[in-house]
Amino acid sequence: MKSQLMNHLKENLLSPEKYVIKKCKKYPIVLLAERHAVKQNLDFVNKMIPALYNAGIYHLGMEFGASEDQDALDELITGETFDEELAKKLIFNYNVKWPYKEYWELYRAAWELNSKVGKGAQKFRILNLSYKYNWKEFSGVRTPQSCSKIFHKGNIEKYRFHLLEKEIMDKNERILILTGTIHALTRYHYPQYDETASNFIRFNDGFLGNLIYQKYPSHVFSILLHQRFSDKESLIEDRSPANGQIEELITEFDHVVPMGFDLIDTVMGELKDDSYYSTGYSDFRLKDLFDGYLFLSPLNKLKGCTVDPHFLNRQLFLDVQVNYPDKDWARVPETQEEYWQEVNSYVARV
């Protein structure tokens, strides 16, 4: 079996760049599923921007950005000069807890491309897929009432879906979307605890990728960026995908090769996985989770994004505290020192 898998990879693998471009040419919507704040992933997307443009894909969708700031973002990446402070501000407006440089460096990469294209040529666009949440009055307990105030424009997954319909599908455009793994699920339904359900499992089919797939099944392709999976029992992210078989295979090459490969209708997709994703499923395989796979680096070589120590220079710390997200997941920092400890610890866990 191992030799069959190795032969398949050697005969069918593409460079990550060529793999993504191939899928973007075939599917109007391609979802890249990221574990947030991994440097290699963001650097890869950064370098992909000129290749996307040359292939006729003029949109990059980002989870980390508010639609209220779309006009400001459009102006930023098409302006005469690049305003880094504005770039940081746009990220801050969406999430005060996101001082990770590689995210706004995507803005710079788009600006650099747009500054070189001919006058009158179509500009590359980064599309913000989220809106500004209202964390100000959140007490730390999620109820229908409290969440209706936080997510005041409604279900965020449906909001993103309708925005994509308006900006991409209705205009016959194409887009590569960088988003958190759970939002990029399409055919796969995520298992969640439900005390009233059989086996205590409810399968969630309401994430962005699910919604796209339900209406446009032949127009979307989902790609997993290599990342740690959660353990089925502890939920700790310490599992290597396919029970470690992907890393085992790739490290047997003469040198570790970044690559992209299909999971659908391939022997790679038949690899079994016993992580949390297999919960509630029998004989679970990688092909049941995503359509394609990008391997950029072994898990032990992945690095967290760069924390910019100047991210808050022009912000009031009171605004950070008031707008601090997910107060039920992490305590609001009382000091800037606590803030920096928290944001540094997040990327240290990559």
Side-chain angles (χ1 to χ4, degrees), residues 29 31-34 36-37 42 45 59-78 86-100 103-104 106-107 110 124-171 173 175-185 190 204-212 214-216 220 311 315-316 319-330 332 343:
I29 299 176
L31 297 161
L32 274 185
E34 69 157 354
H36 294 318
L42 275 294
V45 176
H59 292 80
L60 171 67
M62 286 182 64
E63 172 187 343
F64 282 86
S67 59
E68 294 94 334
D69 286 333
Q70 188 64 55
D71 289 345
L73 178 55
D74 290 343
E75 291 180 10
L76 172 67
I77 65 175
T78 59
L86 175 58
K88 296 179 188 181
K89 175 64 175 174
L90 296 180
I91 295 292
F92 181 89
N93 287 350
Y94 175 65
N95 191 329
V96 301
K97 196 180 174 181
W98 216 249
Y100 305 122
Y103 282 86
W104 62 81
L106 294 177
Y107 299 166
F124 189 83
R125 193 179 192 212
I126 293 180
L127 185 64
N128 284 343
L129 294 176
S130 303
Y131 62 82
K132 296 179 183 178
Y133 312 138
N134 178 19
W135 294 105
K136 295 179 180 179
E137 300 179 15
F138 182 47
S139 65
V141 179
R142 297 196 190 218
T143 66
Q145 291 76 17
S146 66
C147 286
S148 67
K149 293 178 181 179
I150 299 168
F151 306 108
H152 54 97
K153 292 189 177 181
N155 182 316
I156 185 59
E157 305 296 334
K158 291 183 178 179
Y159 183 89
R160 291 167 175 159
F161 172 68
H162 292 313
L163 192 153
L164 279 173
E165 279 200 302
K166 175 184 174 183
E167 297 292 337
I168 302 300
M169 300 308 293
D170 292 351
K171 297 178 181 179
E173 295 283 358
I175 190 169
L176 174 68
I177 297 173
L178 179 67
T179 188
T181 302
I182 201 166
H183 308 293
L185 303 172
Y190 188 74
N204 192 330
D205 64 351
F207 293 105
L208 173 62
N210 298 137
L211 299 178
I212 299 170
Q214 287 159 19
K215 188 167 182 180
Y216 305 102
V220 61
F311 185 64
Q315 312 298 335
L316 295 175
D319 288 338
V320 173
Q321 294 174 308
V322 168
N323 295 291
Y324 207 69
D326 304 313
K327 296 179 177 70
D328 50 336
W329 298 354
V332 177
V343 298

Taking the basic N atoms (NZ, or NE/NH1/NH2) and the acidic carboxylate oxygens, is any pair closer than 4.0 Å for D69 and K132?
yes
Taking the side chain as every heavy atom from C-beta outward, state whether F138 and D326 have any atom pair closer than 4.5 Å.
no
Exam field: side chain S67 to backbone L129, donor-acceptor pair closer than 3.5 Å
no
Hey, mind stepping through L42 and V45 against side chain to side chain contact (heavy atoms under 4.5 Å, CB included) and telling me if it holds?
CA-CA 5 Å; L42 275 294; V45 176; 5.6 Å; no
Heavy atoms of L90 and A72 approach each other most closely as CD2-CB, 4.1 Å
Distance-minimising heavy-atom pair for D328 and G140
CB-O, 3.1 Å
Working to the nearest 0.5 Å, report the span between CZ of R160 and NE2 of H183.
5.0 Å
Enter the distance from N155:CG to F207:CZ here, rounded to the nearest 0.5 Å.
9.5 Å
Aromatic plane relationship, Y100 with W98 - under 30° parallel, 30 to 60° tilted, over 60° perpendicular:
perpendicular
Restricting to non-hydrogen atoms, name the atom on G206 and the atom on E157 that form the minimum distance, rounded to 0.1 Å.
O-CB, 3.3 Å
Do V322 and W135 have side chains that get closer than 4.5 Å, going by heavy atoms?
no
Shortest non-hydrogen contact between S130 and I156, atoms and distance:
CA-CD1, 4.0 Å
Taken to the nearest 0.5 Å, the spacing of N128 CG from E63 CD works out to 11.0 Å
Verify whether one side chain among N210 and Q214 offers a donor that lies under 3.5 Å from an acceptor in the other.
no
Find the distance between CD1 (I212) and CG (L164) and round it off to the nearest 0.5 Å.
5.0 Å
Would a distance-only check, ignoring hydrogens and angles, find a side-chain to backbone donor-acceptor pair under 3.5 Å from K158 to L211?
no
For the rings on Y131 and Y133, is their centre-to-centre separation under 6.0 Å?
yes
As a quick check of understanding, evaluate side chain to side chain contact (heavy atoms under 4.5 Å, CB included) for F161 and E165, giving each step before the final call.
CA-CA 6 Å; F161 172 68; E165 279 200 302; 3.6 Å; yes
Check the pair Y216, I29 against side chain to side chain contact (heavy atoms under 4.5 Å, CB included), reporting the backbone distance first and the verdict last.
CA-CA 9 Å; Y216 305 102; I29 299 176; 5.6 Å; no
Got T179 and E34 here, is their nearest side-chain heavy-atom distance under 4.5 Å?
no
Less than 4.5 Å apart, any side-chain heavy atom of L31 and any of V220?
yes
Y324 and K97: CA distance, side-chain angles, deciding distance, side chain to side chain contact (heavy atoms under 4.5 Å, CB included) verdict:
CA-CA 7 Å; Y324 207 69; K97 196 180 174 181; 3.3 Å; yes
Salt bridge flag under 4.0 Å for residues K153 and E68
yes
Passing candidate, ring-ring contact (aromatic ring centres under 6.0 Å, His included) with F64, options Y107, Y94, W104:
Y94
Mind checking whether L163 and L127 have side chains closer than 4.5 Å, heavy atoms only?
yes
Nearest 0.5 Å please: distance from the CD atom of E167 over to the CD1 atom of I175.
9.0 Å
Roughly how far, to the nearest 0.5 Å, is the NE2 atom of H36 from the CG atom of N95?
9.0 Å
